[in-house]
Amino acid sequence: MAAAAAAVPVNLRLGDLVWGKLGRYPPWPGKIVNPPKDLKKPRGKKCFFVKFFGTEDHLPVLEELEPKLHQPRTRESAWIKVEQLKPYHAHKEEMIKINKGKRFQQAVDAVEEFLKKGKGKDQASHNSTEEKNRRNSSEERGKQSVGEEKHKANLSEGKPKKRVSSVSSERGSKSPLKRTYEQSPRKRGRPPKDEKDLTIPESSTVKRMMTGTMAGFKWPPSVSEPVKDGDPHFHHFLLSQTEKPAVCYQAITKKLKVCEEETGSTSIQAADSTAINGSITPTDKKIGFLGLGLMGSGIVSNLLKMGHTVTVWNRTAEKCDLFIQEGARLGRTPAEVVSTCDITFACVSDPKAAKDVLGPSGVLQGIRPGKCYVDMSTVDADTVTELAQVIVSRGGRFLEAPVSGNQQLSNDGMLVILAAGDRGLYEDCSSCFQAMGKTSFFLGEVGNAAKMMLIVNMVQGSFMATIAEGLTLAQVTGQSQQTLLDILNQGQLASIFLDQKCQNILQGNFKPDFYLKYIQKDLRLAIALGDSVNHPTPMAAAANEVYKRAKALDQSDNDMSAVYRAYIH
């Protein structure tokens with residue numbers, strides 16, 4: 001612990017800009033301020049009271065903290081322990097690199113606006129001081145000149161020497177000073193914002209309200225070209241949306257370029273991800289959604305916020321109530337949802353659930369020619385191929401679109417979507433994918449997205465098991481786990497995932513963001529995928545055994561970071 005303590009910033013003081021680490025969430029930009037009189041400082045802890053930027057009187061990470069932390073706070077500020085604080089400027093690039101969330105970026109924008117305001121005031125104050133100094137200097141010279149003239153006159157008249165004190169009272173009119181702001185660097189190609197006089201940190205969301213009306217998202221002609229059979233490269237394109245604030249939702253438009261590969265195949269890649277002001281134009285098609293779990297809930301919420309017409313169904317009907325209040329329609333069965341909607345999405349837990357939702361009173365009863373079905377569940381390629389076959393056999397159109405992310409990314413509309421199947425349906429889902437995700441890849445024929453998703457989760461699950469193994473090894477060898485995390489966060493492995501999961505472990509907070517039982521399911525399916533092509537997966541197999549032990553310790557419904565407990569029992 002001595003090593004960790006040595007890294008504590010000891011020179012922080014009132015008014016400093018800082019990065020504040022709170023709970024299991026990534027560091028957030030804030031300013032050290034005086035606390036409210038009625039908010040007492042925690043006992044036995046060296047703390048500063050930090051007001052966070054970009055909160056709009058409601059900081060998401062504060063609202064979602066477990067009550068057991070007992071950290072005195074308001075809706076936008078909190079007491080933060082000294083060891084959880086870092087100077088803003090010294091760690092800015094590092095923090096921006098590891099945190100790409102849109103709310104985080106809005107907070108950084110608010111800091112930059114605040115800094116520009118300070119620069120403007122400093123410049124105006126500096127100019128005013130210089131003007132005053134020049135004026136005083138001129139007046140002094142005037143005094144000296146007048147005194148010398150009078151002194152000379154007295155001498156010429158034979159009068160005795162006498163000190164003369166004369167002050168010029170003439171004051172020149174002061175012209176208004178123009179403030180000049182330096183343009184701060186913009187991340188992710190964001191457009192300049194209107195300047196606004198700031199006295200306290202404010203959310204950049206407010207500054208972008210009602211900035212203009214934009215045309216809806218339009219697909220470039222090249223996107224609709226058919227996929228060539230036998231292309232060794234996956235065809236994909238990106239639908240990025242790094243700005244989707246809560247008041248005026250912003251869309252991303254892409255300039256797409258077609259790059260010819262040496263093989264002669266084409267790959268559509270993003271050439272320009274510059275965001276422009278405007279809002280997503282929702283499709284006029286009726287959208288259905290089946291499954292309101294950790295991922296589905298955030299997806300539906302963002303679809304509704306972007307103006308889509310959504311009908312929802314969930315096995316536990318009570319989960320639908322909140323979305324009905326937000327404007328969704330209620331479907332009593334999957335069959336009813338499919339029959340009344342043009343495009344129906346499903347996001348359920350595993351292959352069995354994906355098949356069950358097609359059964360009695362299920363999807364197949366509502367499918368007819370022209371109806372569209374998009375399965376967003378993480379399942380194996382055989383299962384998704386079987387789903388596609390039965391949907392298409394009834395005249396429907398099918399797309400698989402599993403998502404990479406967690407509950408927080410789902411809530412933020414920052415998922416990564418992997419799609420395969422009906423290319424035309426993929427394009428019809430464009431506004432939906434923009435609402436729920438930051439990036440979308442089209443990977444060709446049905447089954448490709450399932451395979452890719454399992455590989456992604458195999459890597460993530462194995463990494464999580466390695467993190468837990470490292471933390472336990474540090475503990476048993478007498479090393480500080482917090483210091484290990486600090487070192488990792490300064491190195492090449494630094495990431496939001498690493499920081500959040502380590503914080504879960506250090507605080508013993510395993511509230512699910514990605515269920516442990518589901519990552520173990522994905523590891524099992526990935527190992528089976530390797531077996532099917534006779535490819536060894538020894539790392540995934542080892543990690544899978546650790547997760548199985550964690551499940552045996554009743555950790556299934558905890559976050560995947562609870563795999564740590566398999567090492568300490």
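No side-chain donor-acceptor contact under 3.5 Å links Asn504 and Gln500. Using a 3.5 Å distance cut-off with no hydrogens or angles, the side chains of Asp486 and Gln482 do pair a donor with an acceptor. Side chains of Glu94 and Gln490: a donor-acceptor N/O pair is present below 3.5 angstrom, by distance only. Side-chain polar atoms of Asp380 and Thr383 form a donor-acceptor pair below 3.5 angstrom.
Here the CH2 atom belonging to Trp28 is positioned 12.5 Å from the CZ atom belonging to Phe53, to the nearest 0.5 angstrom. Put simply, CG on Leu529 and CE on Met453 are 13.0 Å apart, with the number rounded to the nearest 0.5 Å. Interatomic distance, Cys347 SG to Leu290 CG, rounded to the nearest 0.5 Å: 10.0 Å. Between Leu17 atom CG and Leu115 atom CG the span is 5.5 Å, to the nearest 0.5 Å. Rounded to the nearest 0.5 angstrom, Leu399 CG and Asp375 CG are separated by 9.5 Å. To the nearest 0.5 angstrom, Leu294 atom CG is 8.5 Å from Ser410 atom OG.
Within the 4.5 Å cutoff, the side chain of Val403 has no heavy atoms near those of the Leu409 side chain. Annotation: side chain of Ser561 is in contact with side chain of Phe510 (closest heavy-atom distance under 4.5 Å). Residues Thr344 and Val363 have side chains not in contact (no heavy-atom distance under 4.5 Å, counting atoms from C-beta outward). For the pair Leu498 and Asn489, the minimum side-chain heavy-atom distance is below 4.5 Å. For the pair Met95 and Lys86, the minimum side-chain heavy-atom distance is below 4.5 Å. With contacts defined as side-chain heavy-atom distances shorter than 4.5 Å, the pair Pro402/Met376 does not qualify. Within the 4.5 Å cutoff, the side chain of Lys31 has no heavy atoms near those of the Asp16 side chain. With a 4.5 Å cut-off on side-chain heavy atoms, Asp499 and Leu485 count as touching.
Residue Gln555 is tested with His569, Lys517, Arg565 for a side-chain hydrogen bond (donor to acceptor under 3.5 Å, both in side chains); the sole match is Arg565. Checked against Asn544 for a side-chain hydrogen bond (donor to acceptor under 3.5 Å, both in side chains), the options Arg549, Gln520, Lys521, Arg524 give a single hit: Gln520. Checking each of Gln407, Gln460, Met464 against Phe514 for a side chain to side chain contact (heavy atoms under 4.5 Å, CB included) leaves exactly one that passes, namely Gln460.
Salt bridge annotation for Glu326-Lys305: absent, with no cationic side-chain nitrogen under 4.0 angstrom from a carboxylate oxygen. The pair Lys451-Glu400 does not meet the salt-bridge criterion, since no charged nitrogen lies less than 4.0 angstrom from a carboxylate oxygen. Using a 4.0 Å cut-off between a side-chain N of Lys or Arg and a carboxylate O of Asp or Glu, Asp559 and Lys501 qualify as a salt bridge.
A donor-acceptor pair under 3.5 Å is formed between the side chain of Tyr567 and the backbone N or O of Ala465. Put simply, the side chain of Asn448 never gets that close to the backbone of Ala420: no donor and acceptor are under 3.5 Å apart. Side-chain atoms of Ser301 do not come within 3.5 Å of backbone N or O of Ser297 as any donor-acceptor pair. Not one N or O on the side chain of Ser430 forms a donor-acceptor pair closer than 3.5 Å with the backbone of Tyr426. Side-chain atoms of Asp350 come within 3.5 Å of backbone N or O of Ala353 as a donor-acceptor pair. Between the side chain of Thr316 and the backbone N or O of Lys319, no donor-acceptor pair lies under 3.5 Å.
Looking at every heavy atom in both residues, Ala401 comes nearest to Phe433 through CB-CZ, 4.0 Å. Looking at every heavy atom in both residues, Trp313 comes nearest to Leu292 through O-CG, 4.3 Å. Val82 and Cys47 make their closest contact through CG2-N, 4.2 Å (heavy atoms, listed as atom of the first residue, atom of the second, distance). Thr472 approaches Gln481 most closely through the heavy-atom pair N-NE2, 4.2 Å. Ala474 and Leu484 make their closest contact through CB-CD2, 4.0 Å (heavy atoms, listed as atom of the first residue, atom of the second, distance). Counting all heavy atoms, side chain and backbone alike, Asn302 lies closest to Gly413 at ND2-N, 3.4 Å.
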Requested in this report: Mind running side chain to side chain contact (heavy atoms under 4.5 Å, CB included) on Phe398 and Leu387 for me, showing each step along the way?
Outcome: CA-CA 8 Å; Phe398 182 84; Leu387 297 178; 4.1 Å; yes

Report task. Evaluate the criterion side chain to side chain contact (heavy atoms under 4.5 Å, CB included) for residue pair Cys432 and Leu303; output intermediate values, then yes/no. Result -> CA-CA 6 Å; Cys432 296; Leu303 287 172; 3.8 Å; yes

Query raised in the report: Given the rule in the side chain to side chain contact (heavy atoms under 4.5 Å, CB included) test, do Tyr518 and Leu523 qualify, once you have shown the distances and angles that lead to the verdict?
Result: CA-CA 9 Å; Tyr518 293 158; Leu523 280 166; over 6 Å; no

**Report entry** Evaluation steps, side chain to side chain contact (heavy atoms under 4.5 Å, CB included), between Ile32 and Arg13
**Finding:** CA-CA 7 Å; Ile32 297 176; Arg13 59 185 182 273; over 6 Å; no

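Aromatic pair Trp19/Tyr88: centroids less than 6.0 angstrom apart. Here the two rings, on Phe345 and Tyr373, have centers that are 6.0 Å apart or farther.
For Tyr515, there are no side chain to side chain donor-acceptor pair (under 3.5 Å) partners two or more places apart in sequence or in a different chain.
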